[in-house]
Amino acid sequence: MAVKKFVLFLWFIGLSPWLMGQLNYSLLDQNPASVRWKRLQVPNQAIQIIYPEDADSLAQLTAYYLEKHVPQVGQTIPSKLHPWKIVLQNKGIYSNGFVSLNAPRAEFFTIPTQNPALVGTNEWLEMLVSHETRHMFQNELGRQGLAKVFRSLWGSNGQALYSNLIIPNWLWEGDAVETETRLNPIGRSKIPEFYLPLQAYLMEYGIPSYGKMMGKSFRQLVPNHYVFGQYLSQYIRQKQGELAIGQIWQKALQRPYPFAFSSVLKDRTGLSIDQLSHLALQELRDSIQLRQLASSDYSEQISPKVSHGYTPYEYPCWISENTFVAIKSGFSTIPVLVEVTQGQEKELTKLGPISEMNMLSASEKWVVWSEIKYDMRWGQKQGTRLVFFNLETKEKSFWDGDEKWINPSISQDGTQVLTLVQNNDGSSHLLLLDVETRQLIKKMGISPGEQVLHARLADQNRLVYVLKYQHQKSIRVMDLERFNLIHEFNLGSNNVGAPYLLGDFVYFNQPIDGIDQIVRINVKTKQQQVITHAHFGAYSAQVVANDKIIYQAYRATGDAIMQKKLSNEAWSPMVVQTKPTRILQEARPNYSSQKYSKWNIFNVYSWGPLIAAQGNQLEISLLSKNVTNTFQAGVGYQYDPNERSGTQFTRFSYQGLFPVFDASFQSSQRSTSLYIDKRAPFDSLRTDNWMQTKGDLGIRLPFNLTHSAYAEFLTISSTYSLFQVSGYDLPLRFKSEAFNGMYSSMTHAISYSKLLNRAYWDVQSPWGYQIGLHWQGTPFSQNLNSEIWSAQGKGFVPGLFKHHSISLRGAYQQQSNGNYTFASTLALPRGYTTVLYNRLYTFSADYKFPIANTDFNLGRLLYVKRLKGNIFFDASQGENIVKDGTTTTTFQSFGVDLSSQFHLMRFAQSFEIGVRCLYKSQTKQIEWYPLVIDIGF
């Protein structure tokens with residue numbers, strides 16, 4: 001057994017650098033260059049907060065929560081924190097957070113979410129602290145025992161790779177959600193909406209295999225690793241005690257072989273992970289069945305039936321008595337606005353990048369929502385714009401502003417629109433605007449510590465919204481004339497959302513016996529009535545004439561739009577009637593801060609051997625990336641087994657200014673062998689070694705131009721290269737090499753792409769195009785002269801059936817007949833090796849299509865979830881200019897690719913491998929190649 005473990009340990013050592021070889025210097029997301037940074041050291045904690053200077057109040061609050069919660073976060077895990085950095089991001093519109101060992105840090109996106117399923121009644125930053133710092137403690141276990149070896153060999157990247165191979169992704173997130181629940185009044189495991197995918201799946205499809213939960217599916221929506229991970233983490237704690245997760249985690253990292261986690265779990269519980277997950281989910285399914293036996297719902301579904309896959313219809317809005325609009329999305333489509341009349345659906349428009357809203361608003365003429373407006377250069381900066389869709393003309397109009405406008409609501413007569421504004425410093429306010437003139441009517445401030453959710457204009461010149469404050473929620477009704485409070489209904493810790501006010505009633509969703517239902521309150525009598533009895537959850541209610549209600553009800557196949565006549569069901573007093581006592585905030589210390597220089601650019605996080613992503617070079621390097629994402633660097637040594645020589649290199653990419661500056665320097669010993677005979681017989685093979693030093697200095701202008709459902713990017717780049725050759729002693733040379741001397745070249749490139757976003761079932765983008773222009777030459781006076789330029793374009797159109805796609809590519813390349821040859825930027829038809837020509841024309845056509853969604857499980861080793869196919873045709877014509885004229889060579893190939901998407905040994909990461917069969921016109925032979933993604937070998 002000891003020998004077996006040692007062999008498997010060596011297998012991990014061999015596998016690790018291969019996987020890590022996929023690292024590259026990609027474009028990072030930065031804040032604008034004008035941002036000034038500050039830092040704050042949290043007292044008594046090994047955590048430093050780095051933040052923009054306009055987020056000072058957010059940093060103070062984060063430091064307070066860190067000092068308060070970090071000792072509790074780490075109580076049940078056997079590790080202590082080494083120094084960590086947390087970067088606060090406040091320039092965007094996303095609500096998120098993560099911890100990464102790639103340039104070790106955490107990032108908190110400080111804009112609070114509008115999603116009740118995520119935040120509940122918690123404070124956003126406090127929840128982030130409890131969840132993300134748990135990830136820090138989890139990562140600290142990778143510094144102990146055997147796991148420490150991988151950190152010693154490859155730095156934090158090696159630690160991350162090893163830890164993620166051993167510990168399943170569901171435990172990382174499930175344990176963090178459990179911690180978040182333990183330290184906050186209402187963590188996600190206490191929010192019914194969080195569990196919807198798991199509960200609905202169990203009742204519709206039964207208990208999924210463990211392999212399917214890890215690999216997901218193209219056939220059904222399988223609950224993600226947050227949901228089933230939280231449930232399994234909770235189950236293990238309940239059965240094994242509070243310390244169980246940390247102890248199992250620590251022991252698993254001591255076993256460097258596949259299925260180590262399951263092995264440790266079985267030692268402790270007597271059950272494999274397959275058996276334990278099946279038992280836990282069976283208990284949950286039984287409890288759901290008992291609950292559903294006691295309930296019945298008599299609503300009518302009025303959205304189209306969904307027979308397979310996952311297609312939700314969300315946020316329904318009446319636009320007439322028999323017609324509503326909603327947002328449709330899911331496996332088969334990107335988000336679109338649809339109009340439904342008596343079960344018949346019509347697509348109105350595709351939606352651009354949607355800002356999180358959890359609501360939609362419409363009048364008879366307009367539908368309004370908000371979309372993300374990307375900064376064309378700075379990835380961390382996003383704004384929003386309001387989108388107005390005219391139901392009469394079917395046209396869109398846009399309101400662009402400098403602020404973050406979200407959750408717009410339009411009045412019933414279509415003359416006014418209300419929007420919530422989120423500010424970088426954490427404050428917010430409401431704006432009431434005139435639709436026709438776009439002028440400001442009123443501005444309503446929101447007190448510090450309060451959060452407004454789902455504000456909506458109502459009849460009788462009123463406004464309704466949910467107010468969250470000090471872990472409690474209330475529903476407020478305001479008079480728009482004076483912006484004064486008319487009614488307030490205090491719901492305490494009930495996680496209510498999506499209020500809709502009409503006449504004397506406020507409709508909203510609220511948990512009832514562990515399931516979200518539509519409830520209404522009579523604003524005059526202060527009584528409430530439960531209207532729906534949905535099996536899994538009911539949300540986003542709207543009413544017509546106080547007698548007919550529509551809402552979305554969750555299904556395993558996606559939310560369906562339901563309709564129900566309002567009945568005389570029992571009324572009862574409100575759950576919470578008294579106004580909650582506002583908790584006196586304990587005195588918070590004022591933490592001292594200092595300036596943080598943007599020139600803190602070196603942060604070494606990875607070292608050791610890598611196998612390069614291109615070719616078979618072995619590389620030993622140090623990698624560095626700073627925490628503000630402005631600088632990447634690498635220094636190391638690369639060995640080429642073909643030439644049996646090495647290269648010393650340094651690479652830099654500074655991305656903190658509007659243009660990106662790239663630089664590299666390399667010094668290498670080169671080797672070549674060639675026949676120096678001038679005529680046959682060729683028997684004078686000579687070999688020579690020489691030194692080549694090369695430096696590159698480049699500038700890039702990367703632009704994100706996305707403003708619709710099409711992802712749109714433009715990159716313009718220019719690179720100056722200088723290289724020196726010394727010690728070359730052969731009288732002849734290959735045309736791609738140089739004699740002794742100093743040489744230089746320039747490279748210019750432009751790439752542009754505009755592609756429609758892909759639905760989950762699409763094999764590639766159904767519409768769009770890509771354009772590339774490239775020039776490289778030796779424009780300065782020197783002994784070498786050469787020039788090459790190319791232009792290529794690729795177009796995408798739909799295939800014969802849905803989710804099939806056709807792509808067509810055409811390209812032209814021309815190279816001068818100088819005394820030096822640059823590498824070709826175009827590829828010959830598949831199956832041929834690259835040969836250089838003075839002129840090269842290429843064409844290719846691909847027809848890609850899904851074959852089957854399989855969900856095929858082969859024990860613990862293999863889970864295949866999809867088979868795909870591709871039929872292709874390639875053609876090229878190469879022309880060389882010689883003394884007697886022009887020689888022409890043509891190439892054609894056509895064939896078929898068959899590939900599968902699968903998961904190995906329960907890893908969450910998917911792979912794609914297949915086989916390529918092609919016929920080559922030159923050799924008139926059929927050839928077979930292994931296929932990795934679209935690359936044949």
Under 3.5 Å, is there a donor on one side chain and an acceptor on the other for [X] and [Y]?
X      : Y      : answer
Gln199 : Tyr554 : no
Ser910 : Gln901 : no
Lys404 : Gln422 : no
Lys473 : Asn494 : no
Gln542 : Tyr507 : no

For residues [X] and [Y], determine if any side-chain heavy atom of one lies less than 4.5 Å from a side-chain heavy atom of the other.
X      : Y      : result
Val306 : Arg555 : no
Thr384 : Gln382 : no
Lys394 : Thr349 : no

Subject >> Positive for side chain to side chain donor-acceptor pair (under 3.5 Å) with Asn853, one of His308, Lys865, Arg866 >> reply: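 The side chain to side chain donor-acceptor pair (under 3.5 Å) with Asn853 is passed solely by Arg866 among His308, Lys865, Arg866.
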Which word best sums up how the rings of [X] and [Y] line up, parallel for under 30°, tilted for 30 to 60°, or perpendicular for over 60°?
X      : Y      : result
Phe801 : His804 : perpendicular
Tyr752 : Tyr769 : tilted
Trp405 : Trp399 : perpendicular

Subject >> Sub-6.0 Å ring centroid separation between Phe331 and Phe218 >> reply: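 No.
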**OP:** Give a yes or no on this: more than 12 heavy atoms of other residues, nucleotides or ligands lie within 6.0 Å of atom CG of Asp513.
**Re:**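 Counting other residues, nucleotides and ligands, CG of Asp513 stays at 12 neighbours or fewer.
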